[in-house]
Amino acid sequence: MDGGKVKTAIYYFSGTGNSLKVARDLAGELREAKVIPISEAIKYKEVKPEEQRVGIVYPVYMWGMPLIVANFINKLKLDKDQYVFAVATYGGMPGNALSQTAKQLEKQGMCLSAGFGVRMPGNYTPLYGAVPAEKQQEMFECEKEKVKEIAKFIQAADKTKIEKSSFLINLIFSGIIYKLGSGKMSQMDKSFWVNGKCTSCSICEQVCPVDNIKMVDGKPQWQNRCEQCMACLQWCPVEAIQYGKKTINRKRYRHPEARVEDFINAASK
Ligand SMILES: Cc1cc2nc3c(=O)[nH]c(=O)nc-3n(C[C@H](O)[C@H](O)[C@H](O)COP(=O)(O)O)c2cc1C
Ligand code: SF4
Ligand code: SF4
């Protein structure tokens, strides 16, 4: 099926590089593939990729799918013969994210052919610091293997089961917590604040994928349309951005191969 003719479009959303890394690695395995930031694609009224395979790669948020990904799917227009796959990166449990993707596609008259989870280091500093470097390395080794497996499935145009957590986990976390919490995400930036280390470099403003930060008198101000991706907090070069009271001494996390330019370009206005 491959032979260099079949092309793949991989749309990704990423705050700290895990999903970007998976998207790039998959593109490398599949060849003849391009990666496109969802933050850019979503600016169009419709997204109509012509490639035969279309991938959606994103991080799990609150055991579900980020809202920007759901909005992106609403703009997606695909033909019945296009093969659609999704990959959700997650720190602990994928929950129901991929089933949500399948449902959202179905609502729009499309079908998810296969959905895969890839465990990566967690990036939600409001709850925990970065996992130790050694543990990160182990996860990166597993990621490489998993991406190879995923690429094989996709190349065979296999329709696999959609990966998800257990029924009980999905009922409690993805069902109750996601339903209650996801609608509040946009306002959760009210807990961000900036300390005296801020140098007014405006990197936080530039990396925000949804233009949610405005520099006012040289300091960031959050505009209450947040995706909670943590890019601003993680990419601040002097760790001036805090969330609530507990992040000051927590170790930040970014995928070691991700560069700030990847995020500035993905968010370019
Ligand atoms: C707002 C938010 C919520 C998260 N919720 C979950 C979760 O419910 N389950 C989980 O396993 N990881 C969760 N994580 C961790 C991310 O899914 C994980 O680190 C992901 O690989 C980050 O990808 P990125 O670097 O492409 O942004 C969450 C991260 C953020 C920022
Ligand atoms: S990235 Fe950090 S130092 Fe730069 S403006 Fe934002 S908060 Fe200030
Ligand atoms: S304000 Fe920060 S956490 Fe919210 S979407 Fe922008 S970069 Fe992500």
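Just so you know, ligand 1 is whichever comes first in the structure, and atom 1 is the first atom listed for that ligand.
- Taking each heavy atom of Tyr253 and Thr16 in turn, the nearest pair found is O-CG2, 3.6 Å.
- Checking only distances, Tyr61 never comes within under 3.5 Å of ligand 1, N or O to N or O.
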task = Assess whether side chain to side chain contact (heavy atoms under 4.5 Å, CB included) is satisfied between Leu98 and Val87, documenting all intermediate values.
result = CA-CA 8 Å; Leu98 291 158; Val87 183; over 6 Å; no
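- Given atom 21 (O) of ligand 1, the protein heavy atom at minimum distance is Thr89 OG1, 2.8 Å.
- Remark: minimum distance from atom 8 (O) of ligand 1 to any protein heavy atom is reached at Trp63 N, 2.6 Å.
- Atom CZ in Arg250 sits 9.5 Å away from atom CZ in Arg252 (nearest 0.5 Å).
- For the pair Val60 and ligand 1, the shortest N or O to N or O distance falls below 3.5 Å.
- When the heavy-atom distances from atom 22 (C) of ligand 1 to Leu127, Val57, Leu233, Asn123 are ranked, the shortest goes to Asn123.
- When non-hydrogen atoms are compared, ligand 1 lies under 4.0 Å from the backbone of Pro121 (N, CA, C, O) but not from its side chain.
- Ring geometry for Trp235 versus Phe263: interplanar angle of 30 to 60°, hence tilted.
- Between the side chains of Lys190 and Gln187, at least one donor-acceptor pair of N or O atoms lies under 3.5 Å.
- A donor-acceptor contact closer than 3.5 angstrom is absent between the side chains of Tyr90 and Asn18.
- If you chain together hydrophobic residues whose side chains sit under 4.5 Å apart, Phe116 and Met139 never meet in one group.
- Under the 3.5 Å distance criterion, with hydrogens and angles disregarded, no donor-acceptor pair is assigned to the side chains of Ser14 and Tyr58.
- When only interatomic distances are considered, the shortest N/O to N/O separation between Gly17 and ligand 1 falls below 3.5 Å.
- Around atom 4 (Fe) of ligand 3, the protein atoms of type N, O or S found under 2.8 Å away are Cys226 SG, listed by chain and number.
- For Gly95, the heavy-atom gap to ligand 1 stays at 4.0 angstrom or more.
- With no hydrogens or angles considered, no side-chain donor-acceptor pair links Thr8 and Gln52 at under 3.5 Å.
- Numbered from 1 in the order shown, with element, the atoms of ligand 1 that lie under 4.0 Å from a heavy atom of Asn18 read 19 (O), 20 (C), 21 (O), 22 (C), 23 (O), 24 (P), 25 (O), 26 (O).
- Counting all heavy atoms, side chain and backbone alike, Gln136 lies closest to Ala130 at NE2-CB, 4.1 Å.
- Of the N and O atoms on the side chains of Thr247 and Gln242, at least one donor lies less than 3.5 Å from an acceptor on the other residue.
- Residues Pro126 and Met230 are in side-chain contact: their nearest non-hydrogen atoms beyond the backbone lie under 4.5 Å apart.
- Geometrically, ligand 1 and Met93 share a nitrogen or oxygen pair separated by less than 3.5 Å.
- Close contacts of ligand 2 with Ile241, meaning ligand atoms under 4.0 Å from a residue heavy atom, involve 7 (S).
- Taking 2.8 Å as the limit, the number of protein N, O or S atoms around atom 4 (Fe) of ligand 2 is 1.
- Between Asp189 and Tyr243 there is no side-chain heavy-atom pair separated by less than 4.5 Å.
- Summarising the geometry of Asn123 relative to Tyr128, their closest heavy-atom pair is N-OH, 3.4 Å, with the distance given to 0.1 Å.
- In terms of protein heavy-atom proximity, atom 11 (O) of ligand 1 is closest to Gly92 N, 2.6 Å.
- In terms of polar-atom proximity, Met62 is counted as a contact of ligand 1, with an N or O under 3.5 Å from an N or O of the ligand.
- In this structure, the protein non-hydrogen atom closest to atom 12 (N) of ligand 1 is Gly91 N, 3.1 Å.
- Considering only non-hydrogen protein atoms, atom 25 (O) of ligand 1 sits nearest to Thr16 OG1, 2.4 Å.
- Judged by distance alone, the side chains of Tyr124 and Gln228 do bring a donor and an acceptor atom under 3.5 Å apart.
- Between the Glu227 side chain and the Pro209 main chain, no donor and acceptor come within less than 3.5 Å of each other.
- Counting atoms of ligand 1 from 1 in the listed order, those under 4.0 Å from a heavy atom of Ser14 are 24 (P), 25 (O), 26 (O), 27 (O).
- Here the side chain of Asn195 pairs a donor or acceptor atom with the backbone of Lys197 at under 3.5 angstrom.
- For the pair Val238 and Cys198, the minimum side-chain heavy-atom distance is 4.5 Å or more.
- Residue contacts with ligand 1 for Gln228 involve both N, CA, C or O and side-chain atoms from C-beta outward (heavy atoms, distance under 4.0 Å).
- Nearest protein neighbour of atom 23 (O) of ligand 1, counting heavy atoms only, is Pro59 CB, 3.3 Å.
- Distances between N or O atoms of Tyr124 and those of ligand 1 include no value under 3.5 Å.
- Closest to atom 27 (O) of ligand 1 among all protein heavy atoms lies Gly15 N, 2.8 Å.
- Counting atoms of ligand 2 from 1 in the listed order, those under 4.0 Å from a heavy atom of Met215 are 5 (S).
- Between Ile203 and Pro237, the closest heavy-atom pair is CD1-CG, 3.9 Å.
- The aromatic rings of Phe72 and Tyr11 lie tilted to each other, with the angle between the two planes from 30° to 60°.
- Taking every heavy atom of Ser19 and a limit of under 4.0 angstrom, the matching atoms of ligand 1 come to 23 (O), 24 (P), 26 (O).
- A donor atom on one side chain and an acceptor atom on the other are found under 3.5 Å apart for Ser19 and Thr89.
- Annotation for ligand 2: atoms under 4.0 Å from non-hydrogen atoms of Val194 are 7 (S).
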